[in-house]
Amino acid sequence: MIKTEVKIFNTASGKKEVFIPLENDQVGMYVCGPTTYNYIHLGNARPLVVFDTVRRYLEYLGYEVTYIQNFTDVDDKIINKANEEGIKPAELASRYIDEYFRDADALQVKRATVHPRVSEHMEGIIKFIKGLLEKGYAYEMEGDVLFGVTRFPEYGKLSKRSIDDLQAGARVEVDEKKEHPADFVLWKKAKPHEPQWPSPWGLGRPGWHIECSVMSHEYLGPSFDIHAGGYDLVFPHHENEIAQSEALHGVPMAKYWMHNGFITVNEEKMSKSLGNFFLVRDILKKFPADVIRFYLLATHYRSPLDFDDEKLGVAQKGLARLQTAYRLMEEAMNGTLAEHSSAAIRLGAQGFRQGLQALQGKFIEAMNDDLNTALAIAVLFDIAREINTFVAAGVTEQDQKALLEGKRIFSELAGVLGLQLDKKGCDNENGVLVDALMNLIITIRQNARTKKDFQTADEIREKLRQSGIILEDTPQGVRWKPI
RNA sequence: GGUGCGGUGGCGAAGAGGCUAACGCUGCGGACUGCAAAUCCGCCAUCCGUCGGUUCAAAUCCGACCCGCACCUCCA
């Protein structure tokens, strides 16, 4: 367990607070997951990556994290789309759950401890609603069950809205029969040809907010540490969850509420309703998944983040710089580069190690400050420079231990961000073949260079570049890598 | 109308009372190189939306104003 003080910005208080879990080294986290009627877009991906990073960091520090992320698989949009396609809603939902995993896995998002689905928690939902009715927080209306916001005095505390404001600005369809326009549905009366479940109030299905209250309670208890999601969930989704859960259980639902900012396109929120969204899998056709992840983490999670290809291109270059440093260090360790003592003044191995350890401290400090991944990445760049400088000056046998230590720190910290630094080269069988061919080509070119036939040498290099292979001539020999 | 967030170099982006305002990209100069690439070194904001105020000291606190964004309705 690394002893250190993590601070988290808590939407509930509007301030950064020291993170102290309810139960010493155990952390319970609930992240609102997608409604599964489409492939996920980049805006959906941000919370996945951000809160996965929160999890990774807490685990790195030694906490044991129970991470719950739901799938909303019962919903109007699912029903509509399924009808369009002429298949069952459940079938459509489960298809997009599979597709979700494909994208999330690519982005190195760790699987949750449990991924509960609404459709599998009907019993719990019904029981929960029953409890709310019994305690007098909910009321029945023509087969629907509604939560009465005026019956819960603290309603509005998360989003800092008063019930009166809600009434004043209400663009909500006013249903005269509701006690209050902001009352929201817990249980919806069934319509024909829709998924439906039996309940004490007749056939129907759950409203949107109730699922998270029920499932978080089932897996994490009435009170847990972190509840997270996109900023647009603060109201009404999370506000309503709080109302339901705290009304029923009488204890604070979550200790810390974390919300990520939006991805924008031309400064406008990326959203399904605006239609300006980019699917993760389409972006993956142009950029590797780790570049997307790097891009998402290079800005603080609460700030808006504008998207375009150019910005991903910058991220790609940045990540490549880190990977290059890692590669140079590995080569120095493997002795791929001949030992070379340079005239340059160089850091001793001792200084190198101490420098990296100090930077590791800075990394932790950055992450402690409300998950400042932008700063943490800056530290990674500092580490890269240390490594490059150290390695470029020439490495001897005595430096190997320091290099090993450096490699450990570097990859460990990158790993906290879910970034992999070692290039997964060619797959093994082909790799041997490719290596052999590359060695042959390089030898031929070297012969040309020895004869000062630079025209031939340059032609080979240019042709390889066009095929996606970069050659680098270094004092220690020729190196190649895919673009 | 209500609520909240933000405006930092050519671009992106940290910093939130006091070290020369991080880091990355771009550009420029240098080292290295046959030339490149990669790498290293150096340079590029007298200034942090505007105007006032508080303070010994402000990009960082307060006030006003301008601009942008978001939420108040499904949305990550």
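Residue numbering restarts at 1 for every chain, and letters A, B, ... go by the order of the sequence lines. Quantities reported herein were computed from a predicted structural model and do not represent experimental measurements.
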Touch check for [X], heavy atoms < 4.0 angstrom, all strands: base, sugar-phosphate only, or nothing?
X: A:K269; result: base
X: A:S271; result: base
X: A:F454; result: base
X: A:E310; result: nothing
X: A:R465; result: nothing
X: A:H300; result: sugar-phosphate
X: A:G313; result: nothing
X: A:L274; result: nothing
X: A:E472; result: base

Hey, are A:N80 and A:Y37 close enough side-chain-wise for a donor-acceptor pair under 3.5 Å?
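A:N80 and A:Y37 do not have a side-chain donor-acceptor pair below 3.5 Å.
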
Flag for A:E17-A:S13: side-chain donor and acceptor within less than 3.5 Å
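A:S13 vs A:E17: donor-acceptor pair found between side chains.
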
Name the residue closer to the 5' end of RNA chain B, choosing between A:L471 and A:C32 according to the nucleotide with the nearest heavy atom.
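The 5'-side residue here is A:L471.
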
Taking for each residue the nucleotide of RNA chain B bearing the nearest heavy atom, is the 5' side occupied by A:G230 or by A:Q455?
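The residue mapped nearer the 5' terminus is A:Q455.
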
With a 4.0 Å cut-off on N to O distance, would you call A:E154 and A:K157 a salt bridge?
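Counted as a salt bridge, because a side-chain N and a carboxylate O are separated by less than 4.0 Å.
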
Is_stacked (A:F262, B:rA70) at 5.5 Å, 30 deg:
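Stack criterion not met.
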
Let's see if you can work this out: which of B:rA36, B:rA13, B:rG34 has an atom nearest to the side-chain heavy atoms of A:D458?
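It is B:rG34.
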
Check every atom of B:rC23, B:rA76, B:rC35 against the side chain of A:D473 and return the nucleotide holding the closest atom.
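Nearest nucleotide to the side chain: B:rC35.
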
Interatomic distance, A:Y100 OH vs B:rA76 P [rounded to whole Å]:
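The distance from OH of A:Y100 to P of B:rA76 comes to 12 Å, rounded to the nearest Å.
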
Between P of B:rU73 and NZ of A:K77, the distance in whole Å
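One finds 15 Å between P of B:rU73 and NZ of A:K77, rounded.
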
Between the base of [N] and the side chain of [X], is there a donor and acceptor pair under 3.5 angstrom?
X: A:R385; N: B:rC41; result: no
X: A:R46; N: B:rA76; result: no
X: A:D76; N: B:rC74; result: no

Inter-residue atom distance A:K407.NZ - A:E330.CD, 0.5 Å rounding:
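Answer for the NZ-CD pair, A:K407 versus A:E330, is 4.0 Å.
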
Pairwise [atom1] distance, [M] and [N] [rounded to whole Å]:
N: B:rG2; M: B:rC48; atom1: P; result: 31 Å
N: B:rC47; M: B:rA13; atom1: P; result: 23 Å
N: B:rG12; M: B:rG7; atom1: C1'; result: 14 Å
N: B:rC32; M: B:rA38; atom1: C1'; result: 11 Å

For the pair A:L417 and A:F294, evaluate side chain to side chain contact (heavy atoms under 4.5 Å, CB included) and give the outcome as yes or no after the intermediate values.
CA-CA 8 Å; A:L417 301 181; A:F294 180 94; over 6 Å; no

